[in-house]
**Q** 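Would you mind keeping the following structure in view while I ask a few things?
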Amino acid sequence: MAEITKSYEPRDVEKKWYAAWQAAHAFAGKVVPGKASYSIVIPPPNVTGVLTMGHVLNNALQDILIRRARLEGKSALWIPGTDHAGIATQTVVERELRKQKKTRHDFGREKFVEKVWEWRHEKGGIILEQLRRLGASCDWDRTHFTMDPAYSRAVLQVFVELFNRGFIYRGKRMVNWCPVSLTALSDEEVIMKPTNGTLYKVRYELVDRPGEYIQVSTTRPETIPGDVAIAVHPEDPRYADLVGKKVWRPINRAQIPIIADAAVDKEFGSGALKITPAHDKVDYEVGLRHKLPIVDVLRADGVLNELAGAELAGLERFAGRKKAAELLKESGNLVGEESYANNVGYSERADVPIEPRLTEQWWLRYPRIEEAKAAVRDGHIKFFPERWSKVYLHWLENIQDWCISRQLWWGHRIPVWYRKGLDRSKLTEADLRDTTKVQVSLEGPSDPENWEQEEDVLDTWASSWLWPFATMGWPNQNEMKKAGFDYFYPTTTLVTGPDIIFFWVARMIMAGLEFIRPGESLDQRIPFKNVYFTGIIRDAQGRKMSKSLGNSPDPLTLIDKYGADGLRFGIISIAPQGQDIRFQEERIEGGKNFCNKLWNASRFRQMSGEAGDNSSVAAILARLEPSKFDADDHAILERLIATTASVEKAFAEFEFSAAVQTLYGFFWNDFCDWYVEVSKAKLQSADTKTTCLALQDLIIRQTLLLLHPFIPFITEELWHLLGFGPENAFIEEARIETAAELSEALKSRGISIDTAAASAVEKLKTTASQARALKAEFNLASRRDVRFFATASDADWAVLDANASKLTRMVGANELLRKAKVDGAPAVVTPLGTLYLDLASTVDVAAEKQRLAKELEKLQQHIAGTEARLANTAFVSKAPPAVLEGARKQLAELQAKKAEIERLLGGL
RNA sequence: GGACGGUUAGCUCAGUUGGUUAGAGCACGUGCUUCACACGCACGGGGUCACUGGUUCGAGUCCAGUACCGUCCACCA
């Protein structure tokens with residue numbers, strides 16, 4: 001077996017094992033009848049994406065779940081893939097073209113889409129490569145892309161089905177228009193941002209009462225040429241006599257009516273509102289109610305058109321705003337202006353204010369809304385943390401139809417064909433169903449020359465909402481069989497961010513319920529059983545990580561620096577369930593240090609003696625002699641079982657950082673700092689050596705299995721270096737013992753854990769600490785030839801004596817002697833009697849007195865508190881007996897200690 | 001305007017159903033090349049648990065309210 005090096009160097013180890021795993025197709029998700037399945041679909045990253053810290057957290061968590069499932073003996077499947085990300089990808093490629101001074105229109109639709117495909121073949125795999133660096137154990141043979149031919153067919157089939165089922169319609173409506181991306185957006189893609197603007201107070205002159213005005217406030221004076229009315233509240237006495245009259249529109253002068261509509265807030269500003277149906281959602285509705293004309297003064301790209309009038313036409317919308325304000329000022333119609341903060345909707349992708357715009361779009365009325373609510377409300381799908389279910393339900397309560405068409409070229413082109421020559425703007429609902437006018441189908445019309453296909457593509461989310469089943473061959477029966485659909489669907493757990501509850505999670509649930517296993521129960525149709533929502537990773541100042549702030553560390557740099565395992569361990573350790581995470585590189589460093597500790601403890605084991613048969617728990621147990629056990633052996637086994645149990649509990653509750661912290665404490669403190677240290681004495685004796693080494697093997701084996709999901713590379717390496725499995729098998733082919741199984745295995749070997757041992761070891765630890773502190777007090781910390789005396793009861797001395805060699809070694813002493821009485825030596829009162837430091841020179845009595853007096857004072861405070869509690873009759877009569885007894889016992893111990901210190905003081 | 005999170009050591013966070021003297025990591029101080037590890041070991045300093053009331057024998061933990069920070073939802077021009 002290879003020798004373990006002095007420090008852990010992740011780079012080569014990670015490379016080696018990932019290559020081996022891939023070569024063996026070790027992550028293939030296989031249908032194994034009789035075995036439980038565990039499946040996850042990756043939230044497909046944008047094909048344009050590069051790995052961020054968010055991805056690291058998210059995918060590390062999925063990998064942890066999947067690897068743990070394998071160790072638990074389940075057949076695990078993790079499906080990877082990428083999302084074609086319509087707007088994002090198209091934008092990236094257009095930006096490239098712009099460098100060559102070209103636009104997509106220079107190429108035309110077909111050629112441009114080809115260009116995007118070229119780009120995707122070249123660059124689209126980067127993020128998946130990076131996930132491999134992280135150690136993600138995806139079934140790469142099942143990598144999917146939302147624009148793969150089969151996936152695309154699924155997307156289009158769903159469109160056709162939903163159209164046939166009456167959920168999809170086409171209509172002219174107000175949409176959120178992005179003047180940069182030149183497409184409609186769904187409500188979810190609009191980000192409301194507080195924005196500082198100006199509120200302009202503008203007066204409109206009454207046509208039949210020259211010199212009299214009605215005043216309105218607006219933040220958008222450039223839309224005034226689009227005004228078609230002024231509205232007031234029907235019950236507003238100030239304007240009652242004006243309704244029905246006309247005013248002059250102050251820019252692009254024309255007469256417009258004053259109308260009454262309840263949508264107006266009497267309290268806001270002057271209580272009068274300008275109505276611009278083409279450029280505001282509320283105004284549009286008011287316009288519909290009053291049959292007002294629609295005057296659209298903006299081009300698609302946000303530039304004012306000729307309807308805005310000669311002065312404004314050709315100006316970009318913000319320049320137009322300024323110009324409009326100037327025009328109003330010149331004409332004397334600008335009554336005032338004040339700075340004003342309000343919420344403005346921004347395009348998520350392009351980060352510019354969106355324009356409400358009236359356009360023809362395709363809409364989806366969501367199916368299965370009530371079932372989707374029930375699935376979560378009634379616990380068929382469990383959210384972790386649970387509180388997100390409220391957000392989910394609230395959205396579904398107020399759900400609006402989904403605008404699914406996008407005016408892009410990159411995406412799934414909507415499978416609708418219009419008869420050539422048809423006026424699409426006049427299509428009725430009946431026309432859409434008339435196959436002589438419109439065809440909605442997968443194949444398209446049989447006489448394509450007479451038809452034109454819809455130019456729009458589908459919203460990206462209208463493809464990713466099928467991800468949990470379209471990646472498993474749906475709707476093709478043969479492909480589904482091959483993929484093991486019956487076995488792996490519904491998936492077990494979805495790991496994602498709460499920011500896409502609406503975009504993705506809710507929609508997947510509705511899609512699954514609508515399309516999968518019709519007629520079956522909810523549990524059969526839902527796409528996943530658990531949803532784990534991660535926190536958001538922030539920088540040390542608590543800001544979101546973003547490209548523009550440049551505060552996002554590069555995960556690959558971190559992997560180079562600390563190893564993938566170190567990065568994983570570090571990030572998980574600071575990511576408690578559902579809380580946002582403040583990133584600190586020190587924690588990643590801590591992860592690396594832990595790996596090094598694990599490495600060196602294993603190295604120490606290897607250097608300590610011959611390797612025994614490590615091939616199974618039974619083989620290791622066969623090597624140890626329970627009769628040689630001392631308290632430390634019992635205690636560490638008790639800790640091992642407790643740790644195994646608490647990791648089990650943590651997984652059941654999705655408390656990953658708790659699991660990591662438990663393992664850290666167990667391995668570093670209980671095992672390395674104590675057990676390995678006491679082992680050093682045990683290893684000196686042939687009598688205890690074999691058992692001690694076997695026990696170390698047992699503990700390291702179990703620890704590697706417990707840690708493997710978190711830090712897969714180093715555990716795989718050590719698993720082989722220490723011979724826990726055959727050369728040609730991976731650690732994941734082993735099964736992890738549960739706490740119960742481990743206890744059972746020990747029992748069958750005749751080992752029943754002495755639960756009292758743990759408290760004896762705790763006393764020894766405290767005693768050792770106090771002895772070392774006493775040495776430090778007298779500047780002897782580095783001396784190893786110190787002598788200690790002890791005055792102790794027979795029982796305490798028995799413990800000290802039995803552990804004397806360990807204790808002296810740990811404390812750095814050459815002798816521990818029992819004495820009936822010791823005078824004039826510095827002392828500490830330990831749980832195992834009083835220890836005295838034998839000083840060759842005389843003791844500084846004054847200093848020693850002061851030290852003891854200080855301790856006595858602390859003790860007295862504590863005693864006073866406990867006495868007061870016990871003197872309280874209410875406490876004594878009402879507290880449960882266990883608490884009461886605990887307090888009394890504590891008081892007795894404190895008083896004994898106090899008496900001992902007083903005795904020591906008296907002797908000085 | 002509504003909903004949800006957070007406030008515990010210098011920093012980042014744990015703290016299970018209320019019960020001994022509130023923990024960890026990092027940082028800090030001191031001492032250590034002790035035959036696994038200086039990516040380490042030992043010892044130590046450091047907290048009015050945001051604030052105000054309440055319930056209780058007992059509150060970091062439960063209840064009410066306040067303040068501040070953050071997130072999401074909502075068409076107020």
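Below, read A as the first sequence line, B as the second, and so on, with proteins coming before strands; counting in each chain starts at 1. Everything numeric here is computed off the predicted structure, so don't read it as measured data.
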**Q** Reckon Ala887(A) touches a base, only the sugar-phosphate, or nothing at all at heavy-atom distances under 4.0 Å?
**A**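 It contacts nothing in the nucleic acid.
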
**Q** Please list, pair by pair, any protein nitrogen or oxygen found under 3.5 Å from a nitrogen or oxygen in nucleotides 29-32 of chain B.
**A**
none

**Q** When you compare C51(B) with C57(B), how far apart are their C1' atoms, in angstrom units rounded to a whole number?
**A** 26 Å

**Q** Ignoring hydrogens and angles, state whether a donor on the side chain of Ser7(A) or Asn596(A) is under 3.5 Å from an acceptor on the partner side chain.
**A**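 Short answer, no.
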
**Q** Any Lys/Arg nitrogen of Glu585(A) or Lys561(A) sitting under 4.0 Å from an Asp/Glu carboxylate oxygen of the other?
**A**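 Answer for the salt bridge query: yes.
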
**Q** Give a yes/no answer on whether the side chain of Asn342(A) brings an N or O atom under 4.0 Å of OP1 or OP2 in A77(B).
**A** yes

**Q** Look at the side chain of Arg772(A) and decide which nucleotide, out of C76(B), A42(B), G19(B), has an atom nearest to it.
**A**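 Output: A42(B).
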
**Q** Can you tell me how far C1' in G44(B) sits from the matching atom in G58(B), rounded to whole Å?
**A**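 These two C1' atoms come out 32 Å apart once rounded.
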
**Q** Rounded to whole angstrom, note down the C1' distance from G31(B) over to G45(B).
**A**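 The same atom, C1', in both gives a distance of 15 Å.
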
**Q** Counting side-chain heavy atoms from C-beta on, which of C76(B), G25(B), G19(B) comes nearest to Tyr664(A)?
**A**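 The answer is G25(B).
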
**Q** With C1' as the reference atom in both, quote the distance from G6(B) to C75(B) in angstrom, rounded to an integer.
**A**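 Between the two C1' atoms, the distance is 31 Å.
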
**Q** In plain terms, say whether Glu762(A) and Lys765(A) are close enough for a salt bridge, that is, a side-chain N and a carboxylate O under 4.0 Å apart.
**A**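 Answer for the salt bridge query: yes.
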
**Q** Select base, sugar-phosphate, or nothing to describe what Val676(A) touches, counting heavy atoms under 4.0 Å on all strands.
**A** base

**Q** Provide the Watson-Crick or G-U wobble partner of G18(B), both distances under 3.5 Å; none if there is no partner.
**A** none

**Q** Indicate, with a heavy-atom threshold strictly under 4.0 Å, whether Lys592(A) touches base, sugar-phosphate, or nothing.
**A** base

**Q** Under 4.0 angstrom, heavy atoms only, what part of the nucleic acid is Asn398(A) near: base, sugar-phosphate, or nothing?
**A** nothing

**Q** What nucleotide, of C39(B), U12(B), C37(B), holds the atom closest to the side chain of Ser7(A)?
**A** C39(B)

**Q** G2(B), OP1 or OP2 - any side-chain N/O from Lys390(A) closer than 4.0 Å?
**A** no

**Q** Taking OP1 and OP2 of C43(B), is either one under 4.0 Å from a side-chain nitrogen or oxygen of Ser769(A)?
**A** yes

**Q** Measuring only the P atom in each nucleotide, how far is A64(B) from C69(B)? A whole number of Å is fine.
**A**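 These two P atoms come out 23 Å apart once rounded.
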
**Q** Measure from the side chain of Asn872(A), starting at C-beta and using heavy atoms only, and say which of A38(B), C72(B), C57(B) lies closest.
**A**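 My answer, after comparing the listed nucleotides, is C57(B).
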
**Q** Partner lookup for C28(B), please. Criteria are Watson-Crick or G-U wobble with both distances under 3.5 angstrom; report none if nothing qualifies.
**A** G44(B)

**Q** Would you mind checking if Arg639(A) and Asp670(A) are paired as a salt bridge, meaning a charged N to carboxylate O distance below 4.0 Å?
**A**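 Salt bridge present between Asp670(A) and Arg639(A).
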
**Q** Assign each of Ala874(A) and Glu586(A) to its nearest nucleotide of RNA chain B by heavy atoms, then name whichever residue's nucleotide is nearer the 5' end.
**A**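 The 5'-side residue here is Glu586(A).
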
**Q** Among the candidates C72(B), C37(B), G19(B), find the nucleotide nearest to the side-chain atoms of Phe875(A).
**A**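 The answer is G19(B), which lies nearest to the side chain.
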
**Q** Please verify the inter-ring angle class for Tyr8(A) with Trp599(A); under 30° counts as parallel, over 60° as perpendicular, anything in between as tilted.
**A**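 Judged by the thresholds at 30° and 60°, the geometry between Tyr8(A) and Trp599(A) is tilted.
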
**Q** Any Lys/Arg nitrogen of Glu677(A) or Lys680(A) sitting under 4.0 Å from an Asp/Glu carboxylate oxygen of the other?
**A** yes

**Q** Counting the atoms with a prime plus P, OP1 and OP2 as sugar-phosphate, which does Leu273(A) contact under 4.0 Å by heavy atoms, base, sugar-phosphate, or nothing?
**A**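 Base, at least one base heavy atom under 4.0 Å.
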
**Q** At under 4.0 Å, does any side-chain N or O of Tyr340(A) touch on OP1 or OP2 of A77(B)?
**A**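 For Tyr340(A), the contact criterion (side-chain N or O under 4.0 Å from OP1 or OP2 of A77(B)) is met.
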
**Q** Hey, is the side chain of Asn593(A) poking within less than 4.0 Å of OP1 or OP2 on C37(B), counting only N and O atoms?
**A** no

**Q** RNA chain B: Lys765(A) or Glu589(A), which has the more 5' nearest nucleotide?
**A**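 Nearest nucleotide further toward 5': that of Glu589(A).
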
**Q** Would you say Lys680(A) reaches A36(B)'s phosphate, i.e. side-chain N/O to OP1/OP2 under 4.0 Å?
**A**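 Looking at the OP1 and OP2 atoms of A36(B), one of them is under 4.0 Å from a side-chain N or O of Lys680(A).
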
**Q** In the structure shown, which nucleotide is the Watson-Crick or G-U wobble counterpart of G65(B), with both distances under 3.5 Å?
**A**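 C51(B) is the nucleotide pairing with G65(B).
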
**Q** Of the listed nucleotides (U21(B), U34(B), A36(B)), which one gets closest to any side-chain atom of Arg784(A)?
**A** U34(B)

**Q** At under 4.0 Å, does any side-chain N or O of Trp668(A) touch on OP1 or OP2 of C41(B)?
**A** yes

**Q** What interatomic distance, in whole Å, is found between C1' of A59(B) and the corresponding atom of U20(B)?
**A** 15 Å

**Q** Between the side chains of Glu222(A) and Arg220(A), is the shortest nitrogen-to-carboxylate-oxygen separation below 4.0 Å, so that they form an ion pair?
**A**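 Salt bridge present between Arg220(A) and Glu222(A).
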
**Q** In whole angstroms, how far is the P atom of C37(B) from the OH atom of Tyr675(A)?
**A** 20 Å

**Q** Answer yes when Glu188(A) and Arg507(A) have at least one side-chain N-carboxylate O distance shorter than 4.0 Å, and no when they do not.
**A** yes

**Q** Closest approach to the side chain of Asn596(A), judged atom by atom: which nucleotide of C41(B), C39(B), G19(B) is it?
**A** C39(B)

**Q** Have Lys274(A) and Thr223(A) got a donor and an acceptor in their side chains that come within less than 3.5 Å?
**A**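 Judged by distance alone, the side chains do pair up.
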
**Q** Please determine, by modelled atom types, if Gln890(A) and Gln895(A) share a side-chain donor-acceptor pair under 3.5 angstrom.
**A**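 Absent: no donor and acceptor within the cut-off.
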
**Q** Using both distances under 3.5 Å as the test, list the Watson-Crick or G-U wobble partner of A59(B), or none.
**A**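 Result: none.
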
**Q** Decide, yes or no, whether a salt bridge links Lys897(A) with Glu855(A) under the criterion of side-chain N to carboxylate O below 4.0 Å.
**A** yes

**Q** Kindly indicate whether the side chain of Val190(A), heavy atoms from C-beta on, has any atom under 4.5 Å from the side chain of Ser347(A).
**A** no

**Q** With a 3.5 angstrom cut-off on both distances, give the Watson-Crick or G-U wobble partner of C72(B), or none if there isn't one.
**A**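 Across all strands, the one nucleotide that pairs with C72(B) is G2(B).
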
**Q** Please evaluate the base of C39(B) for a donor-acceptor partner in the side chain of Lys597(A) within a cut-off of under 3.5 Å?
**A**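 There is none.
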
**Q** So Phe502(A), base contact, sugar-phosphate only, or nothing? Heavy-atom distance under 4.0 Å.
**A**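 Touches sugar-phosphate only.
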
**Q** If I pick the C1' atom on U71(B) and the same atom on C62(B), what distance separates them, to the nearest angstrom?
**A** 26 Å

**Q** Should Arg582(A) be listed as having a side-chain N or O under 4.0 Å from OP1 or OP2 of U12(B)?
**A**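 Answer is yes, contact under 4.0 Å.
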
**Q** In whole Å, measure the gap between the P atoms of G60(B) and C28(B) for me.
**A**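 Each nucleotide's P atom is 32 Å from the other's.
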
**Q** Could you tell me whether Pro498(A) contacts a base, only the sugar-phosphate backbone, or nothing, with contacts defined as non-hydrogen atoms closer than 4.0 Å?
**A**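 The answer is nothing, as Pro498(A) stays clear of every strand by at least 4.0 Å.
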
**Q** Heavy atoms under 4.0 Å, any strand shown: does Cys595(A) hit a base, just sugar-phosphate, or nothing?
**A** nothing

**Q** By nearest atom, which of the nucleotides U12(B), A74(B), C73(B) is closest to the His394(A) side chain?
**A** C73(B)

**Q** Could you check whether Arg587(A) gets within reach of a base, just the sugar-phosphate, or nothing at all, counting any heavy atom under 4.0 Å?
**A** base

**Q** Give the nucleotide from the list C76(B), G19(B), G40(B) with an atom nearest to the side chain of Phe268(A).
**A**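 Of C76(B), G19(B), G40(B), C76(B) is nearest to the side chain of Phe268(A).
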
**Q** Can you tell me which nucleotide in A36(B), G40(B), G25(B) comes closest to the side chain of Gln584(A)?
**A** G25(B)

**Q** Under 3.5 Å, is there an N or O donor on one side and an acceptor on the other linking the side chain of Glu677(A) and the base of A36(B)?
**A**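 Side chain to base: pair present.
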
